[in-house]
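A short worksheet on the structure shown next.
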Amino acid sequence: MLRQVAKAAAVARDGPGEVDLSALGLHEMAASLPDYVRMVAAGCERGFASAFEEMTRVEVAAREVRITNQRIRSSGFPYVKGLADFDWDFQPSVPRAEIEELATLRFVERAKNVLFVGSPGVGKTHLAVALGIEAVRAGREVRFVDCARLVEDLEDASSRGILKKRLKYYAHSRLLIIDELGYLDVGSVGADLLFQLILTRYEQRSTIITADVGIGGWGRVFGDDVAASAIADRVCHHCHHCHLVKIAGRSYRLKDLPRDGPVKA
Ligand code: ADP
Ligand code: MG
């Protein structure tokens, strides 16, 4: 980087054209250099050092945005939406203050979990994605995964004898978001694998789970009450260890339909 800056400084001193800043990945500088050189050459009051410092700052800021966007893309989110896109008035049962507190990411620092429960379309995934994006922006490693796909992936790893490695991969993320628990039944092998994963993260790393069935219905999901309560226990048995957010309301997907359902012709 120092060498790049020195080269850029040489360009600014000797005039543009000798060094291709874009080839060095300094796109913002490349775009603004001619203007700055002209300004400095024209005897603008502003000194070279201050102009160069500003160019560097703009370049660094643009690079940070690029890296963050790249990390958002690679975290596995199904869509990119933030809390600013959430219509609080539409879903008054969502505890806004609690969600905004979660967005400070203190729960990630304390390795607490979050469980969103509610019927389809009420905004569980949206809120989980929004918190995940906040965490990426704060430089945390985040992985978003669909529950059925996660279980399938762990089963596949187990059959290939690389379960330990795969568990390590998921255990590593600072924040793991397991989406749509309960949408498909998991089965006892899957439940055991999921339990192992939850155990590796227990009190070490945060997990957000979205589910359309409350904990009381997890026995059916996992086909086994013992496995279900073992998982539920590690996720949220202790209230101080988990934020439980229950959302009761209409599906946002039906927002534009009248309250009593579609009007029949
Ligand atoms: P689910 O609860 O089934 O996970 P989603 O969070 O995926 O539902 O919401 C379904 C769609 O509706 C998404 O596109 C989401 O962004 C949008 N949505 C849900 N609730 C709201 C809301 N209160 N304000 C704005 N968009 C919402
Ligand atoms: Mg969802």
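The residues of the chain are indexed from 1 along the displayed sequence. Each ligand, and each atom within it, is numbered from 1 in the order the structure gives.
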Practice task
Give a yes or no on whether the backbone of H126 and the side-chain of Y79 come within a donor-acceptor separation of less than 3.5 Å.
Solution key: yes
Problem - Contact atoms of ligand 1, heavy-atom distance to P120 under 4.0 Å - result: 3 (O)
Exercise for the section: Report the part of D85 in contact with ligand 1, treating N, CA, C, O as backbone and CB onward as side chain, heavy atoms under 4.0 Å; options are side chain, backbone, both, neither. Expected result: backbone
Completion exercise
Ranked by distance from atom 19 (C) of ligand 1, the top protein heavy atom is Y252 CB, 3.2 Å
Exercise for the section: Assess V122 for proximity to ligand 1: is some non-hydrogen atom of it under 4.0 Å away? Expected result: yes
Exercise for the section: Measure F86 to ligand 1 on non-hydrogen atoms and call it side chain, backbone, both or neither using the 4.0 Å cut-off. Expected result: both
Handout entry: Closest approach of any protein heavy atom to atom 4 (O) of ligand 1, naming residue and atom
Key = T125 OG1, 2.7 Å
Practice task
Under 4.0 Å, heavy atoms only, figure out whether ligand 1 is touched by the backbone of Y79, its side chain, both or neither.
Solution key: side chain
Problem - Main-chain N/O of K112 paired with S206 side-chain donor or acceptor, under 3.5 Å - result: yes
Exercise for the section: Ignoring hydrogens and angles, tell me if any N or O in the side chain of R143 forms a donor-acceptor pair with the backbone of S74 under 3.5 Å. Expected result: yes
Exercise for the section: Could you say whether the N/O atoms of K81 and ligand 1 ever approach to under 3.5 Å? Expected result: yes
Exercise for the section: Compute the minimum heavy-atom distance from G121 to ligand 1 and say whether it is under 4.0 Å. Expected result: yes
Exercise for the section: Examine K124 against ligand 1 and note whether any of their N/O atoms are separated by less than 3.5 Å. Expected result: yes
Exercise for the section: Mind checking whether R253 contacts ligand 1 via backbone (N, CA, C, O), side chain (CB onward), both or neither, at a 4.0 Å heavy-atom cut-off? Expected result: side chain
Practice task
Could you tell me whether W88 and ligand 1 have an N or O pair separated by under 3.5 Å?
Solution key: no
Exercise for the section: Establish, yes or no, whether a centroid distance under 6.0 Å links the rings of F90 and W88. Expected result: no
Problem - R201 side chain vs S173 backbone, donor-acceptor pair below 3.5 Å - result: yes
Practice task
Would you list the protein N, O or S atoms within less than 2.8 Å of the Mg ion (ligand 2), leaving out water?
Solution key: T125 OG1
Exercise for the section: Flag the pair R160 and D156 as a salt bridge only when some basic side-chain nitrogen lies within less than 4.0 angstrom of an acidic carboxylate oxygen. Expected result: yes
Exercise for the section: Flag the pair Y169 / I162 as yes when at least one side-chain heavy-atom distance between them is below 4.5 Å, and no otherwise. Expected result: no
Practice task
Would you confirm whether K124, through its side chain, and G118, through its main-chain N or O, come within 3.5 Å as a donor-acceptor pair?
Solution key: yes
Exercise for the section: Considering only NZ, NE, NH1 and NH2 on the basic side and carboxylate oxygens on the acidic side, decide whether E180 and R149 come within less than 4.0 Å. Expected result: no
Practice task
Could you tell me whether a side-chain N or O of D85 sits under 3.5 Å from a main-chain N or O of G82, the two making a donor and an acceptor?
Solution key: yes
Problem - Among T207, L176, V151, L163, side chain to side chain contact (heavy atoms under 4.5 Å, CB included) partner for L197 - result: L176
Exercise for the section: For atom 6 (O) of ligand 1, find the nearest protein heavy atom and state the residue, atom name and distance (0.1 Å precision). Expected result: H126 N, 2.8 Å
Handout entry: atom 24 (N) of ligand 1: the protein heavy-atom neighbour that sits closest, reported with distance to 0.1 Å
Key = D87 N, 2.7 Å
Handout entry: Lys NZ or Arg CZ of R110 over F107 ring: under 6.0 Å, within 45°
Key = no
Practice task
Indicate yes or no: at least one non-hydrogen side-chain atom of S251 is less than 4.5 angstrom from one of V122.
Solution key: no
